[in-house]
Number of protein chains: 2
Amino acid sequence: MARRYDHSRDQLLEMALDASRTLVLENGVRALTVRKVAGEMGYAVGTIYNLFANLDDLILHVNGATLDALYDTLSDVPLTADADKDVRALSAAYIDFTITHLNLWNALFEHSLPAGEDLPDWYHEKITRLLKLVETALAPIFNGQNPTELEKAARVLWSSLHGICSLATVNKLDIVTAAPALDLTDSLITNYLLGLSQTVSK
Amino acid sequence: MARRYDHSRDQLLEMALDASRTLVLENGVRALTVRKVAGEMGYAVGTIYNLFANLDDLILHVNGATLDALYDTLSDVPLTADADKDVRALSAAYIDFTITHLNLWNALFEHSLPAGEDLPDWYHEKITRLLKLVETALAPIFNGQNPTELEKAARVLWSSLHGICSLATVNKLDIVTAAPALDLTDSLITNYLLGLSQTVSK
DNA sequence: CTATTATATGATCAACGTTCAATAAGACCT
DNA sequence: AGGTCTTATTGAACGTTGATCATATAATAG
């Protein structure tokens with residue numbers, strides 16, 4: 001097997017992902033080219049296509065790695081069974097992640113698959129895992145009842161969080177008076193949880 | 001002035017935008033190429049660069065037109081000074097818009113400017129205008145007090161709405177049990193407004 | 001040592017964004 | 001009318017991109 005340098009397939013995958021993540025982190029998804037990745041690895045273009053189906057597939061794996069990193073970050077947040085406090089802590093960690101990994105995080109949403117293609121199962125699983133974290137933090141509010149509503153609330157919080165950070169970071173929220181993301185998520189959490197505690201307890 | 005066909009600059013702009021919007025609507029931003037737009041118009045490639053600085057600028061104007069269309073849609077929603085009802089109506093209209101203009105709406109967020117470039121003022125103004133609509137619907141809750149909080153609440157609602165629709169449409173929310181966007185926004189509005197009414201009235 | 005198999009290569013292709021000298025057609029003046 | 005100026009329009013040309021695949025090469029098996 002013509003390995004010019006002794007790298008196993010797994011090593012090659014790791015090298016390609018590392019190079020790609022660095023490129024995206026430093027210059028955004030737009031800067032990610034097959035040629036640059038190959039060059040960085042010291043391999044030829046064709047080798048990349050040996051590892052990934054195409055550029056979309058490569059980006060998908062970059063995004064997968066970002067979801068993993070996000071999971072690692074969020075699962076390090078200690079939970080106290082105080083829903084309000086815990087959700088706030090998760091939110092803070094999330095916001096911090098979007099700042100320190102800005103371009104990688106943006107890539108999660110700037111990239112979309114060609115029409116007709118769906119996200120693979122392994123990708124969905126990484127998302128489910130993240131949602132589960134929010135569910136766990138949120139659970140105390142529901143007293144073990146109404147798991148469907150718990151699921152829904154977790155999704156609402158998760159996507160709202162995403163929305164706020166998304167529009168805030170690109171300044172598409174037109175934040176003139178410098179109300180940073182944290183200010184908005186605080187309002188979201190405070191009031192949404194307050195509302196939840198009302199509708200649940202009845 | 002060598003106009004091969006008698007089209008004023010404004011007409012050319014409109015033709016280019018129309019062609020671009022159609023391309024995006026039918027096949028997503030990825031399908032938008034300068035060559036296709038020019039071909040559709042019956043003009044040469046160079047003419048496009050006569051109208052727009054570059055492809056990014058063209059997409060920015062496509063997105064501007066989408067924001068205008070969204071504004072038209074939302075400002076047609078009749079308001080009743082019942083915040084809960086009105087916000088819900090706006091939200092429903094918003095969701096409907098994301099469905100009927102899916103690819104155009106996605107383009108708003110899939111596209112980002114090259115590093116270092118900022119969104120122009122006219123673009124920000126289109127966003128402000130939309131936020132003002134939400135503020136108006138939300139105003140009754142605040143009894144004319146605390147305009148800062150009103151502004152904040154509008155932004156929270158707006159970006160959360162965006163987040164939910166964004167993750168729902170690409171199925172990045174991992175919605176297995178078919179909880180569509182409307183279900184989530186309902187939960188968001190119900191509970192967030194309920195929470196707001198508590199924190200405000202005290 | 002040979003045959004087989006797996007891997008790595010990079011020239012090659014079509015398509016893209018962008019540029020710009022050349023061109024053509026209006027306007028303007030005499 | 002004729003000549004000049006100005007300006008819109010052109011499209012060939014350039015560099016770069018994603019993707020392909022016949023070819024070359026190295027490890028393994030017989």
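The chains referred to below are lettered A, B, ... by the order of the sequence lines, with proteins before strands, and numbering in each begins at 1. All values reported here derive from a predicted model rather than from experimental measurement.
The salt bridge (charged side-chain N to carboxylate O under 4.0 Å, His left out) contacts involving residues 54-73 of chain B comprise A:R30-B:D56, B:D68-B:K126, B:D68-B:R129, where partners must be two or more places apart or lie in separate chains.
At whole-Å resolution of the value, OH in A:Y43 and P in D:dT25 are 17 Å apart. Protein atom CZ of A:R9 is 8 Å distant from nucleotide atom P of C:dT7, rounded to whole Å. The nearest whole Å value for the distance from the CD1 atom in B:I48 to the P atom in D:dG11 is 13 Å. The nearest whole Å value for the distance from the CD atom in A:Q11 to the P atom in C:dT7 is 14 Å. Residue B:L51 contributes atom CG, which lies 17 Å from atom P of D:dT7 at whole-angstrom precision. Taking atom CG of A:L12 as the reference point, atom C1' of C:dA6 lies 13 Å away to the nearest angstrom. Between A:L55 atom CG and C:dA15 atom C1' there is a gap of 15 Å when expressed in whole angstrom units. Rounded to a whole Å, the CG atom of B:L32 is 12 Å from the C1' atom of C:dG17.
Applying the 4.0 Å criterion to OP1 and OP2 of D:dG18, one finds that A:T33 has every side-chain N and O outside that range.
Taking the salt bridge (Lys or Arg N to Asp or Glu O under 4.0 Å) definition, one finds that B:D18 meets it with nothing, sequence neighbours left out. When the side-chain contact (heavy atoms from CB on, under 4.5 Å) test is applied to B:Q11, the partners found at least two apart in sequence or on another chain are B:H7, B:S8. Shown here are the side chain to side chain donor-acceptor pair (under 3.5 Å) partners of A:T190, two or more places apart in sequence or in another chain: A:R88. A:A31 meets the side-chain contact (heavy atoms from CB on, under 4.5 Å) test with A:N27, A:K36; sequence neighbours excluded. Listed by chain and number, the residues in a side-chain contact (heavy atoms from CB on, under 4.5 Å) with B:L104 are B:R21, B:V24, B:L25, B:V62, B:T66, B:H101 (sequence neighbours excluded).
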Show each protein N/O and nucleotides 12-14 of chain C N/O combination with a separation under 3.5 Å, one pair to a line.
none

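The side chain of B:A44 approaches D:dT10 more closely than any other nucleotide in the set C:dA8, D:dT10, D:dA19. Nearest to the side-chain atoms of A:T47 among the listed nucleotides C:dT9, D:dT10, D:dG18 stands C:dT9. Nearest to the side-chain atoms of A:K36 among the listed nucleotides C:dA8, D:dT17, C:dT18 stands D:dT17.
A:H61 and A:W122 have tilted rings, their planes meeting at an angle from 30° to 60° on a 0 to 90° scale.
Contacts between residues 13-28 of chain A and DNA chain C, defined by a heavy-atom separation under 4.0 Å, are absent.
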In a table with atom names and distances, give each donor-acceptor pair under 3.5 Å that connects a side chain of residues 132-140 of chain B to protein atoms at least two apart or in another chain.
unit_1	atom_1	unit_2	atom_2	d
B:T136	OG1	B:K132	O	2.8

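Side chains of A:N191 and B:T199: a donor-acceptor N/O pair is present below 3.5 angstrom, by distance only.
Nearest-nucleotide mapping onto DNA chain D: of A:V34 and A:G46, the residue sitting toward the 5' end is A:V34.
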